[in-house]
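Order of listing sets the numbers, starting from 1, for every ligand and every atom in it.
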Amino acid sequence: MCGIIGYCGVRTAKPILLDGLKRLEYRGYDSAGLVVVDGKKLNLVRAVGKVSDLEKKGIARPQPGHCGIAHTRWATHGRPSEENAHPHCDCGGKIAIAHNGIIENYLDLKEELLARKHEFRSETDSEVIAHLIEEYYDGDLEKAVLKTVQRLEGTFGIAVVHADSEDQVVMVKRGSPIIIGIGEGEYFAASDANALLPYTQKIISLNDDELAVLHPGGYHIKNLNNEFLQKQIEIRQDRDELADKKGFEHFMLKEIFEQPEAIENAFRGRIVEGEGVSKLGGLEPVMERLKSVKKLVIVSCGTSYYAGLCGRYIFESLCDLHVEVEMASEFRYRRLKLDGDTAVLALSQSGETADTIAAIREAKRKGALILGVVNVVGSAIAQITDAGVYNHAGPEFGVASTKIYTSQLVVLTLMALLIGRYRGLSFTEGSAVIQAVKKLPRQVKKILTDIEHIKKVAQEYSRYRDFLFIGRQHNYPTAMEGALKLKEISYIHAEGYPAGEMKHGPISLIDENFPTVAIVSQDSTFDKMISNIQEIKARNGRVLAVAGEGSDRIGDVCDDVIRVPETLPILQPVLNIVPLQLFAYFIARSKGCDIDKPRNLAKSVTVE
Ligand code: AGP
């Protein structure tokens with residue numbers, strides 16, 4: 001949420017800052033701004049809307065200079081407007097800051113600063129940072145930033161420039177990510193590595209409460225006690241995936257089609273066929289403790305939460321383990337019994353989600369073992385968990401998560417298999433899971449070949465303004481995730497429900513204008529699902545089924561059917577969600593929605 005980029009070096013800063021902003025835009029995109037230090041002056045441009053709007057506005061405005069910072073915003077305090085866009089300046093117009101995160105005590109600080117005659121121009125929490133630095137500045141920017149940070153409560157990644165320090169960018173991190181990129185005679189700062197891939201592969205990740213200073217001759221890093229730190233430089237091998245969409249119209253579609261590969265990457269090198277078990281190096285340090293945990297609590301948000309709901313069925317079925325799934329944003333309000341016998345498993349694509357981080361901190365306080373399944377290597381959640389597993393699904397730029405979701409389900413299955421084999425799961429049962437996992441990439445590919453049919457169905461349903469998604473057992477989280485996909489990118493109202501709950505209320509919504517998407521598998525829930533569908537049909541509701549290839553009867557009771565291959569019940573969600581991702585995609589496309597950057601959303605949700 002919000003992206004920051006900074007540059008200091010031999011080249012003209014502006015084109016690099018703009019390019020970096022475009023690469024970070026998936027983090028937030030309601031307004032953007034950039035400032036370049038130019039001959040003891042700050043040259044600032046801000047615009048409402050996308051980075052392309054900022055670019056257009058900046059064309060008429062020459063901004064030479066070799067040092068600057070830029071920001072793309074997801075509004076928290078104050079609507080998207082030019083005044084609320086970052087960078088924000090102090091009263092003297094000499095200091096500019098870009099901030100990602102939330103300053104929780106900004107009202108107190110603002111009151112204090114107003115009393116000292118500071119003039120505020122925005123409604124943001126962030127602007128207090130610029131004014132505080134101004135208060136503390138006595139010719140040494142780094143010192144003023146250090147003093148300012150001592151006063152801030154909340155989370156932040158901050159980049160600062162000063163007109164009088166033409167060759168200096170100061171950054172500081174607490175909670176929101178900041179990395180440094182090291183080039184030849186040039187240095188970069190960014191919220192994530194995607195912004196820097198064309199420029200350098202040498203990256204340093206700042207930890208919380210670390211400050212970095214960039215200047216053309218080098219950089220240094222300190223802690224908040226003003227002590228110098230030596231930090232390791234990582235060499236990142238990531239491909240520059242943002243460079244092109246490989247012929248796909250949207251990143252979301254590209255990522256849907258990358259699922260066979262992402263699933264394969266999730267299990268490659270992680271199964272031991274001869275023993276009917278998985279091998280997860282990241283869990284080895286805690287394996288002894290994990291074998292004997294009595295309870296597993298999965299915490300996550302949004303799509304990752306629905307992966308967690310699927311995970312409950314997977315763990316219960318393979319591990320004989322008591323599993324609870326909690327929305328991370330509600331976790332701290334529960335009086336859950338967490339102790340050394342509990343493992344808390346955080347699921348997060350970005351590894352940055354503030355609610356999930358807060359839940360982990362709460363669980364740590366109570367002594368639980370903390371595990372993570374994270375896609376972004378080295379992200380905050382990866383760093384604060386005791387052990388974990390990476391998805392290795394490659395970057396996901398579409399704000400609506402697709403390939404990470406299916407990859408999470410596969411990783412959860414491998415974790416459950418590993419633990420289950422210590423808790424009574426037989427070799428034969430373990431082997432059956434492995435064989436089913438190995439088939440998934442081929443089965444997903446098969447669904448993807450049905451794209452024209454799915455597109456046609458989506459077009460027929462695109463005239464409706466409300467949808468109900470229903471499923472039972474493993475298919476219940478799929479109903480929730482299918483509905484979420486549709487809402488996120490097409491702005492159509494959709495509700496996901498366990499099918500059995502329908503008669504307890506939502507059925508009152510059903511009429512000829514309120515269609516239902518029913519996710520049906522040929523398993524123990526099949527007959528009950530057919531009854532629920534009949535109940536909808538009896539009330540003139542149109543029903544689209546996502547159903548297994550083998551379920552003949554479904555065609556007789558539903559109006560439309562999308563077929564999917566069949567697998568073990570615990571893995572069926574991996575296949576069932578794929579046509580629903582495409583269904584949402586084609587409806588959003590027919591409405592002309594901005595699919596990769598849906599309104600009001602952002603890829604990494606770094607505020608609570
Ligand atoms: C998914 O389509 C959403 N954009 C959103 O629900 C997301 O899954 C949620 O914010 C959690 O993010 P995380 O996996 O990065 O923690």
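When non-hydrogen atoms are compared, ligand 1 lies under 4.0 Å from the backbone of Thr303 as well as from its side chain. Under 4.0 angstrom from ligand 1, the non-hydrogen atoms of Lys485 all belong to its side chain.
Side-chain atoms of Gln259 and Gln581 form a donor-acceptor pair, as typed in the model, at a separation below 3.5 Å.
Every atom of ligand 1 is numbered from 1 in the order shown, and the set under 4.0 Å from a heavy atom of Val605 is 10 (O). Near Ala400, meaning under 4.0 Å from any of its heavy atoms, are these atoms of ligand 1: 2 (O). The Ser348 neighbourhood of ligand 1 comprises atoms 13 (P), 14 (O), 15 (O), 16 (O), with distances under 4.0 Å to a heavy atom of that residue. Those atoms of ligand 1 that come under 4.0 Å of a heavy atom in Gln349, given as number and element, are 13 (P), 14 (O), 15 (O), 16 (O).
Taking each of Met252, Lys487, Glu481, Glu488 in turn, the one with a heavy atom nearest to atom 3 (C) of ligand 1 proves to be Glu488. Of all the listed residues (Ala584, Gly302, Ala307, Ser304), Ser304 holds the heavy atom that lies closest to atom 14 (O) of ligand 1. Residue nearest to atom 12 (O) of ligand 1, selected from Thr353, Ile489, Val299, Asp355: Thr353 (by heavy-atom distance).
Note: Phe257 and Phe248 have tilted aromatic rings, judged against thresholds of 30 and 60 degrees for the angle between ring planes. Between His493 and Phe514, the angle of the ring planes goes over 60°, which puts this pair in the perpendicular group of the 30/60° scheme. Between His71 and His86, the ring planes are parallel. Angles under 30° get that label, and only those over 60° would be called perpendicular. Relative orientation of the Tyr461 and Tyr464 rings is tilted, given thresholds of 30° and 60° on the angle between their planes.
Geometrically, Lys603 does not engage Tyr26 in a cation-pi contact, judged by NZ or CZ lying under 6.0 Å from the ring centre and within 45° of the ring axis. For the pair Arg73 and Tyr29, the cation-pi test (distance below 6.0 Å, angle within 45°) is failed.
Of the charged side-chain nitrogens involved, at least one lies within less than 4.0 Å of a carboxylate oxygen, so that Glu362 and Arg365 count as a salt-bridged pair.
Protein heavy atom at the shortest distance from atom 9 (C) of ligand 1 is Cys301 O, 3.6 Å.
Residue Ser401 has at least one N or O atom closer than 3.5 Å to an N or O atom of ligand 1. At least one N or O atom of Val399, backbone or side chain, sits closer than 3.5 Å to an N or O atom of ligand 1.
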